[in-house]
Number of protein chains: 2
Amino acid sequence: MTAARLAIMQTVSDGDHLDVEAIHRGVCERVGQVSLQAVYDSLNALQRGGLLRRIEPPGSPTRYETRVGDNHHHLVCRHCGKITDVDCAVGHAPCLDPVSDAGYLVDEADVIYWGLCPPCRAETGAVHL
Amino acid sequence: MTAARLAIMQTVSDGDHLDVEAIHRGVCERVGQVSLQAVYDSLNALQRGGLLRRIEPPGSPTRYETRVGDNHHHLVCRHCGKITDVDCAVGHAPCLDPVSDAGYLVDEADVIYWGLCPPCRAETGAVHL
DNA sequence: CAGCAAACTTGAATGACTCAAGTAAAGGAA
DNA sequence: TTCCTTTACTTGAGTCATTCAAGTTTGCTG
């Protein structure tokens, strides 16, 4: 674990579902110039090692967060792109039970709720979508 | 609705969660040379019009299916990439209820179950992951 | 202190997709 | 019918996030 990787962990931890570019900026602020590829490489390593979780909402670049191991889900705002954590709706190791699993051995459920966050909801005056 | 677009609908309908390249091939087989961009354009139009549903699993190109309007979910095999439909686990317009919605106005839930399909499960001898 | 693997650098390449500009065909109004 | 507008389609270029490749530096192990 190097200074650069520590800075990545701190940046991701302080930030809010940051994308790679934002993490790169944060790391450079903390420890000086680090190449973007080093950030990619480290993020992959940290994710493989279970220290970071990767979030990949369609239509937006990959994001990372430090909250791992609880298989929580995400609310994504259609208007501003903001991502908010939300606890798993079912059970505790959870959401791993589709009604019928078609014989699959399921180990993870990726859930993204799409909608409007409170500020955007107020701004657009939306009551229903 | 042109011949090309009809061929797209038929190809997607006959296929099984095909990606754009596969749809393009299928369309060309049916009606002769059609440009890839025409396929992209048409798929977007058909999706906007609610005739096709787009599936975007992380790490794989976008796929399309004709089953729309029931917000069902998908099982994705980690080993071979096969995608299988699975009905929604909760309620009927469903899965739109996270435990806490953090004030969001939620209109859609995107759920992907990751695991091993039966053949890959047998092949790898996996009982647990 | 030599050797080796991990981390990091720069630079090029890839894949999936979008944008732009122009042509062709199809539907409506005069 | 002819004109006009819109939609569909074509070719070609461009973008973005990400990965690959090759070489250099760093730091631990024996």
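As a basis for the values below, the full set of heavy atoms in this structure was taken, side chains included, without hydrogen atoms, waters or symmetry mates.
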Are more than 12 heavy atoms, taken from residues, nucleotides or ligands other than A:E56, located less than 6.0 Å from that residue's CD atom? yes
What's the shortest heavy-atom distance between A:I83 and A:P57, and which atoms? CD1-CG, 4.0 Å
What are the atom names and distances for every N/O pair under 3.5 Å that joins the protein to nucleotides 5-9 of chain D?
{"unit_1": "D:dA8", "atom_1": "OP1", "unit_2": "B:R5", "atom_2": "NH1", "d": "3.2"}
{"unit_1": "D:dC9", "atom_1": "OP1", "unit_2": "B:T2", "atom_2": "OG1", "d": "2.7"}
{"unit_1": "D:dC9", "atom_1": "OP2", "unit_2": "B:R5", "atom_2": "NE", "d": "3.1"}
{"unit_1": "D:dC9", "atom_1": "OP2", "unit_2": "B:S42", "atom_2": "OG", "d": "3.3"}

D:dA17 P sits how many Å from A:L18 CG, rounded? 15 Å
Please state how far atom CD1 in A:I23 lies from atom P in D:dA17, giving the value in whole angstrom units. 13 Å
Checking side-chain polar atoms at under 3.5 Å, does B:R54 have a donor or acceptor matched by the opposite partner on B:T62? no
Just so I know, are the side chains of A:V12 and A:L18 near enough to count as touching, which here means a heavy-atom distance under 4.5 Å? no
In B/S/- notation, 5' to 3', how is nucleotides 13-20 of chain C contacted by protein heavy atoms closer than 4.0 Å? ---SBBB-
Who are the side-chain contact (heavy atoms from CB on, under 4.5 Å) partners of B:D85, not counting sequence neighbours? B:H17, B:E65, B:R67, B:H72, B:H74
Pairwise side-chain contact, A:D41 with A:Q37, heavy-atom cut-off 4.5 Å (strictly under): no
Which whole-number value in Å describes the distance from A:L46 CG to C:dC8 P? 10 Å
Residues B:E21, B:R25; criterion salt bridge (Lys or Arg N to Asp or Glu O under 4.0 Å); working and verdict: CA-CA 6 Å; B:E21 202 189 325; B:R25 277 199 305 275; 3.5 Å; yes
From NE2 of A:H24 across to C1' of D:dA17 the rounded distance in Å is 14 Å
Can you see which heavy atom on B:C120 is nearest to which on B:H79, and at what distance? SG-ND1, 3.2 Å
